[in-house]
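Everything below concerns the one structure shown next.
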Amino acid sequence: MLDQDAIDALRHQLIPEQRNLIDGRKVAATTGETRATISPIDGGILANLAESAADDVARAVASARTAYTDGRWSGRAPIERKQVMLEWANLIEKNALELAVLGARENGTEIRMAFNAEPMNAANTIRYYAEALDKIYGEIAPTAPDVLGLIHREPVGVVGAIVPWNFPLMIGTWKLAPALAVGNSVVLKPSESASLTLLRIGELALEAGLPPGVLNIVTGGGAVAGEALAMSMDVEVLTFTGSGAVGRRLLEYSARSNLKRIYLELGGKSANVIFPDADLNAAAGGTIGAIFPNSGQVCVAASRLLVQRDIFDEVLEKVTAGTQSLIVGDPLSLVNSTGAVHGPAQLQKNLNAVQDAVAAGAEVVTGGHALHGESGGTYMAPTILKGASTQSDLFRDEIFGPVLSVHSFDTEEEALHLANGTVYGLAGAVWTKDLSRAHRMIRGMHTGMVQVNRAAPVDVTSPLGGVKQSGNGYDKSLHAVDKFTNLKTAWLKI
Ligand code: NAD
């Protein structure tokens with residue numbers, strides 16, 4: 001149970017100047033430059049981060065390479081790696097409240113979600129891969145009788161990871177935990193506007209016994225530090241979560257450098273499809289829970305609601321009433337349902353998207369405006385729009401804010417056509433009691449994930465990955481191990 005007094009005791013904790021984590025030491029950027037990280041709660045400066053240059057990234061990669069080559073981690077018995085990772089998870093859990101408050105101050109996520117989806121989720125993810133790492137076997141090929149064909153699974157070497165600001169610990173550990181579990185060394189570049197919690201769990205990793213140099217964290221801008229990592233000739237695999245625009249660049253960097261494998265987890269424009277036979281109260285509640293948490297800044301957020309025409313008004317009424325009962329405000333207050341939008345740029349993007357949609361013919365059902373401007377922070381009213389064209393930007397493009405676009409359909413075929421009517425293919429949800437229809441929709445939706453009669457958080461046991469322009473590869477589950485391992489075959493004459 002989260003306790004308001006305990007949260008308040010941490011809310012003004014001073015944060016010292018932050019440094020990169022290279023070779024197990026905290027080091028300033030070679031440039032001596034720093035960058036302020038701003039809190040969306042009140043617009044105040046939270047801390048200064050090292051503004052790394054290409055040289056800093058090169059040092060981090062060199063450290064990771066040395067650590068990998070001398071076997072201080074890659075050469076340890078799996079059971080030993082497992083013990084370190086389990087201890088790391090324990091330390092994260094012990095420090096969960098401190099991490100959650102730090103994260104909420106940095107990215108504005110409401111504290112309950114900042115606690116459960118971030119440190120608690122990160123600890124679970126690390127435990128999952130720690131427990132898995134000594135259960136991953138090689139194979140013997142069923143080949144000719146006079147040879148033995150062995151298939152080894154080996155770490156790739158040095159992994160680069162670049163992550164976004166919306167859930168740094170959750171998404172960060174989706175990369176770090178499987179990559180480290182199988183013996184790789186990693187260089188992580190967090191988002192320039194959400195680095196603090198990842199730097200902190202980097203310290204906890206050392207405390208847990210992860211040898212220096214196995215996990216290096218370099219902060220700074222995407223265009224310099226991120227590009228340097230993606231262009232490195234000594235990084236074998238780059239795993240990325242973020243926007244499609246940056247994802248495209250990473251593919252170019254790979255082509256222009258060492259052809260490193262690039263795994264992309266990109267944006268989405270997920271559809272929530274409600275049929276008349278569904279439990280409409282559950283569907284309305286699920287709709288709200290699928291778009292407005294973390295101010296809509298969730299990659300799988302169901303930002304399009306598709307409702308069969310006969311029940312359109314009834315569903316919209318229920319969803320609107322539920323939305324209007326949400327309380328937006330200080331993310332560190334337990335009474336608020338939703339916290340702050342990540343920063344002024346994202347808030348402006350959200351407001352522009354609403355304005356453009358209205359100019360193109362959409363109607364605001366509720367919200368559509370900023371809130372609490374006097375606080376200096378960035379808050380937005382949960383927003384519902386109806387009547388937008390299905391050819392509009394509102395219907396097709398990711399906003400990454402608390403904005404829901406509602407549309408009607410007549411037939412199942414039309415629902416499917418609309419659901420698939422974007423370049424994205426990350427997730428979707430279907431509400432129906434008809435099992436056959438549910439299965440037809442699961443098969444028909446061009447997404448990496450479909451939920452039926454729920455649109456709720458999912459855990460580490462199943463893969464998360466996009467199709468179409470939502471990405472390639474999978475985070476989570478044992479499938480994620482494929483990204484961070486190579487298969488080597490050996491043929492022995494018997
Ligand atoms: P972003 O693409 O702007 O930034 C992501 C990371 O890339 C940051 O660390 C940034 O510094 C870095 N970067 C920026 N330019 C770079 C460059 N030229 N070279 C190398 N690195 C560079 O994304 P964001 O605004 O931080 O996050 C929001 C986006 O992330 C949304 O599109 C959202 O849908 C997506 N996202 C996807 C998932 C998923 O699992 N599919 C999860 C969360 C967020």
Side-chain angles (χ1 to χ4, degrees), residues 35 37 49 51-52 54 57 106-109 117-118 121 125 160-175 187-195 198 217-232 235 238-254 256-257 260 262-270 291 293-303 341-343 345-347 349-350 397-401 422-427 447-449 457-458 460 462-476 480:
R35 173 196 292 252
T37 178
L49 300 171
E51 183 66 7
S52 304
V57 174
E106 195 176 28
N107 68 3
T109 305
E118 285 278 278
N121 207 321
T125 297
I162 300 181
V163 296
W165 47 260
N166 60 336
F167 291 104
L169 289 185
M170 175 169 74
I171 295 171
T173 52
W174 286 349
K175 321 284 190 197
V187 177
L188 169 70
K189 209 295 284 170
S191 165
E192 48 274 52
S193 56
S195 299
L198 283 167
I217 306 180
V218 186
T219 58
V224 177
E227 176 174 334
L229 185 57
M231 285 291 288
S232 171
V235 168
L238 186 84
T239 170
F240 172 76
T241 296
S243 63
V246 174
R248 280 171 204 274
R249 291 197 176 175
L250 299 181
L251 294 171
E252 277 176 40
Y253 299 152
S254 168
R256 281 166 42 205
S257 56
K260 60 181 67 62
I262 303 280
Y263 292 104
L264 304 174
E265 301 287 339
L266 307 175
K269 191 79 194 177
S270 301
I291 176 66
N294 201 18
S295 299
Q297 301 163 144
V298 179
C299 57
V300 295
S303 50
V341 170
H342 182 58
Q346 185 63 49
L347 178 61
K349 184 181 176 211
N350 300 347
D397 291 347
E398 183 184 51
I399 298 172
F400 218 53
T422 77
V423 296
Y424 297 108
L426 196 54
T447 58
M449 176 171 88
V458 290
V460 66
S462 58
L464 175 69
V467 299
K468 295 158 71 182
Q469 292 183 34
S470 287
N472 58 27
Y474 299 94
D475 277 334
K476 307 196 302 164

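Both counts, for ligands and for their atoms, begin at 1 and track the order of listing. Residue numbers run from 1 in the order of the sequence given.
Here the NZ atom belonging to K175 is positioned 9.0 Å from the CG atom belonging to L238, to the nearest 0.5 angstrom. Going from atom OG1 of T125 over to atom CG of L169 covers 10.0 Å, rounded to the nearest 0.5 Å.
Taking the side-chain contact (heavy atoms from CB on, under 4.5 Å) definition, one finds that I291 meets it with A301, S303, L404, sequence neighbours left out. Looking at residues two or more places apart in sequence or on another chain, you find a side-chain contact (heavy atoms from CB on, under 4.5 Å) between S232 and V61, D234, V235.
Taking the six-membered ring for Trp and the full ring otherwise, W174 and F167 have centroids separated by 6.0 Å or more.
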Throw together a table of side-chain donor-acceptor distances under 3.5 angstrom for residues 223-230, partners on residues two or more places apart or in other chains.
{"from": "E227", "atom 1": "OE1", "to": "Y253", "atom 2": "OH", "distance (Å)": "3.3"}

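Protein residues lining ligand 1, listed by chain and number: I162, V163, P164, W165, N166, I171, K189, P190, S191, E192, G222, G226, E227, F240, T241, G242, S243, V246, R249, L250, Y253, E265, L266, G267, C299, E398, F400, L426, L464 [non-hydrogen atoms, distance under 4.0 Å].
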